[in-house]
2 protein chains.
Amino acid sequence: MIIRIEPDSDIPIYEQISNQIVEGIARGLIQPGDSLPSVRAFAADLGINMHTVNKSYHLLEKKGIITIVPKSGAIISSPLDFNEISFGRLKAVYKPLIAESLVVGMSKEQIHELISSIIQDIKKRN
Amino acid sequence: MIIRIEPDSDIPIYEQISNQIVEGIARGLIQPGDSLPSVRAFAADLGINMHTVNKSYHLLEKKGIITIVPKSGAIISSPLDFNEISFGRLKAVYKPLIAESLVVGMSKEQIHELISSIIQDIKKRN
DNA sequence: AATCTGTTCTACTTTATCTAGAACAATAGT
DNA sequence: ACTATTGTTCTAGATAAAGTAGAACAGATT
């Protein structure tokens, strides 16, 4: 699984990392039970600082996507049958995005089409 | 139209403002052609600094949602028949969100249901 | 025993966010 | 014409976030 960092992006590095790990899980490149590289090894690989990777992992843990076992490693969690906490948090993030989509001129159907194409995009390309 | 600022939010004030304006447009509380309050009046009303409101307006202009007429005011743009630039930008923002939704255990159908409920939520409550 | 693990601590630089005040030139209202 | 208001631009300062850097610790792995 290849992670690409864009240093000049407006998205913080630690978010870029966690986003791409999430995408990797969604694509099936990494599976629940798999362990992520150590923060030191990963940082050396990416050419960035250890603490930045550490921050990524803790963000993923906060979102319930991985479990960090102290002095051992980070393991990808199994998706809960349904995570109510994540549901509420995600809804709050979707809202402004959807409002903007509507304002910019997208119809309800066009939004659904965009969502579908992104899902297909994620599930297809391996 | 009432704007609520949460100073302790992790979302910057200028983003909170532009988000709520976008939502207001999506709800029909404000319409294309309407003008926004002056940065000074709005800032005084919200109890924040002029420059923070100014930043919000420029963010909205960058997104193509309003037009700022120098020395005059900020006017809400008409939605273009279809804005290709916004389309690409929005897709990039949707992607990590959808990936996270999938990883957390949501099905394709559940994501669409969530989107639908948010759209209904926006279009209904006036 | 030696290495590797995540954790924790201090320290520093750079950038982002927010506030503050002043000045300018163009617009709008009277 | 006069006046107030407009967005713009500038300097300035405070606080927080982001990223890097190095060191040390204690538990886990080999």
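Because the structure is predicted, anything quoted here is derived from the model rather than measured. First the proteins, then the strands, lettered A, B, ... as listed; each starts at 1.
Atom CD of B:Glu6 is separated from atom P of C:dC18 by 13 Å (rounded to the nearest Å). Atom CG in A:Asp8 sits about 14 Å away from atom C1' in D:dA18, given to the nearest Å. Between A:Asn49 atom CG and C:dG6 atom P the separation is 14 Å, expressed in whole Å. Atom CD1 in A:Ile75 sits about 12 Å away from atom C1' in C:dG6, given to the nearest Å. B:Ile11 places its CD1 atom 17 Å from the C1' atom of D:dA16, with the value rounded to the nearest Å. Taking atom CD of B:Glu15 as the reference point, atom C1' of C:dA16 lies 11 Å away to the nearest angstrom. A straight line from CD1 of A:Ile17 to P of D:dA18 spans 13 Å, rounded to a whole angstrom. Atom CD1 in A:Ile66 sits about 12 Å away from atom C1' in C:dG6, given to the nearest Å.
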Taking only N/O atoms, report every protein-nucleotides 5-10 of chain D pair under 3.5 Å with atom names and distance.
| residue | atom | partner | partner atom | Å |
| --- | --- | --- | --- | --- |
| D:dT6 | OP1 | B:Ser38 | OG | 3.0 |
| D:dG7 | OP2 | B:Val39 | N | 3.2 |
| D:dG7 | O4' | B:Lys71 | N | 3.2 |
| D:dG7 | N7 | B:Arg40 | NH2 | 2.7 |
| D:dG7 | O6 | B:Arg40 | NH2 | 2.5 |
| D:dG7 | N2 | B:Lys71 | NZ | 2.3 |
| D:dG7 | N3 | B:Lys71 | NZ | 2.8 |
| D:dT8 | OP2 | B:Asn54 | ND2 | 3.3 |
| D:dT8 | OP2 | B:His58 | NE2 | 2.9 |
| D:dT9 | O4 | B:His51 | NE2 | 3.4 |
| D:dC10 | N4 | B:His51 | NE2 | 3.3 |

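Residues B:Tyr14 and B:His58 fail the side-chain proximity criterion, which asks for heavy atoms closer than 4.5 Å. A heavy-atom distance below 4.5 Å is found between the side chains of B:Pro32 and B:Pro79.
For residues 8-21 of chain A, no residue pair satisfies the salt bridge (charged side-chain N to carboxylate O under 4.0 Å, His left out) rule, not counting sequence neighbours.
Taking hydrophobic clusters as Ile, Leu, Val, Met, Phe, Trp and Tyr residues chained together by side-chain heavy-atom distances below 4.5 Å, A:Ile48 shares a cluster with A:Met50. Linking ILVMFWY residues whenever their side-chain heavy atoms come closer than 4.5 Å, directly or via other members, leaves A:Leu59 and A:Ile13 in distinct clusters.
Of the candidate nucleotides C:dC18, C:dT19, D:dA18, C:dT19 has the atom lying nearest to any side-chain atom of B:Ile48.
The phosphate of C:dT19 (OP1 or OP2) has a side-chain N or O of B:Thr52 nearer than 4.0 angstrom. The phosphate of C:dC18 has neither OP1 nor OP2 within less than 4.0 Å of any side-chain N or O from B:Tyr14.
Heavy-atom minimum distance, A:Val104 versus B:Ser86: CG1-CB, 3.5 Å.
Judged by distance alone, the side chains of B:Ser18 and B:Tyr57 never bring a donor and an acceptor atom under 3.5 Å apart.
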